[in-house]
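Written out below as structure tokens is the structure these notes cover.
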Amino acid sequence: DTGVSQDPRHKITKRGQNVTFRCDPISEHNRLYWYRQTLGQGPEFLTYFQNEAQLEKSRLLSDRFSAERPKGSFSTLEIQRTEQGDSAMYLCASSLTGTDTQYFGPGTRLTVL
Amino acid sequence: TQLLEQSPQFLSIQEGENLTVYCNSSSVFSSLQWYRQEPGEGPVLLVTVVTGGEVKKLKRLTFQFGDARKDSSLHITAAQPGDTGLYLCAAGGATNKLIFGTGTLLAVQP
């Protein structure tokens, strides 16, 4: 399977703990996006990378959130000192420069107790 | 802030019925995508439309992009239980991020 993959698929954590998610994009795609989706809503943009450069961050991305894409391939999204309001589905997508079409991974479902 | 409004929000129909989902905005977009999402999974791309007035067909699904590139519709003919899911429209533009619609939750009863 050469689609976007995400790990883990599910994460349950206690409030105050740190969590890290990983995304592996489609191999030839140079753009990588992170979105957050809560129940009953469409995904909301968090941040995106072109190769290893983080080019845009949403105001939703508080200082407890950090994303990296060190070698321009996979990306990690870390949430520090998790809060119950962080509970959501975290989605990763990738695309090629010059195209609007984004392909999504299966998501990581985070539950903060 | 660009907003995409979808209607209806919820739709429950019987197998074999036809339905149309609408996606509307006051903004002009360079392209628009339709996705289908099942519970616990990521959105799966159905189609991308880029030209005003464009119509694309995918088996029993027909997608149309408005002439002014501000709105779109998805029509499903003879719906089947396998069509059940959350249908999302999403628009792209110069900012590269996708703006998603509010979603239409479709349930097709056998």
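Naming: A, B, ... by sequence-line order, numbering from 1 per chain.
Between the side chains of A:S87 and A:T111, no donor N or O sits under 3.5 Å from an acceptor N or O. Using modelled atom types and a 3.5 Å distance limit, the side chains of B:T20 and B:H75 yield a donor-acceptor pair. Between the side chains of B:Q33 and B:S31, a donor-acceptor pair is found at a separation under 3.5 Å. One side chain, A:T47 or A:Q54, offers a donor N or O that lies under 3.5 Å from an acceptor on the other.
Atom CD of residue A:Q50 and atom CZ of residue A:R69 lie 9.0 Å apart, to the nearest 0.5 angstrom.
Within 6.0 Å of the CD atom in B:Q109, the count of heavy atoms belonging to other residues, nucleotides or ligands exceeds 12.
By a heavy-atom distance cut of under 4.5 Å, A:R9 are the residues of residues 9-20 of chain A near chain B, going up by number. Residues of residues 35-43 of chain A having a heavy atom under 4.5 Å from any heavy atom of chain B, listed by number: A:Y35, A:Q37, A:G40, A:G42, A:P43.
In this structure, B:R36 does not pair ionically with B:D83, as no charged nitrogen and carboxylate oxygen lie closer than 4.0 Å.
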Test log, rule side chain to side chain donor-acceptor pair (under 3.5 Å), inputs B:N18 and B:T77: CA-CA 5 Å; B:N18 301 333; B:T77 304; 4.6 Å; no
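Both the backbone and the side chain of B:E41 come within contact range of chain A, each with at least one heavy atom under 4.5 Å from a heavy atom of that chain. Looking at B:Q9, neither its backbone nor its side chain comes within 4.5 Å of chain A, counting heavy atoms on both sides.
Remark: B:K57 engages no residue in a salt bridge (charged side-chain N to carboxylate O under 4.0 Å, His left out) (not counting sequence neighbours).
Hydrophobic cluster of B:F63: the remaining members, joined at side-chain heavy-atom separations below 4.5 Å, are B:L11, B:I13, B:L19, B:V21, B:L32, B:W34, B:L46, B:V47, B:V49, B:L58, B:L61, B:F65, B:L74, B:I76, B:Y87, B:L106, B:V108, listed by chain and number.
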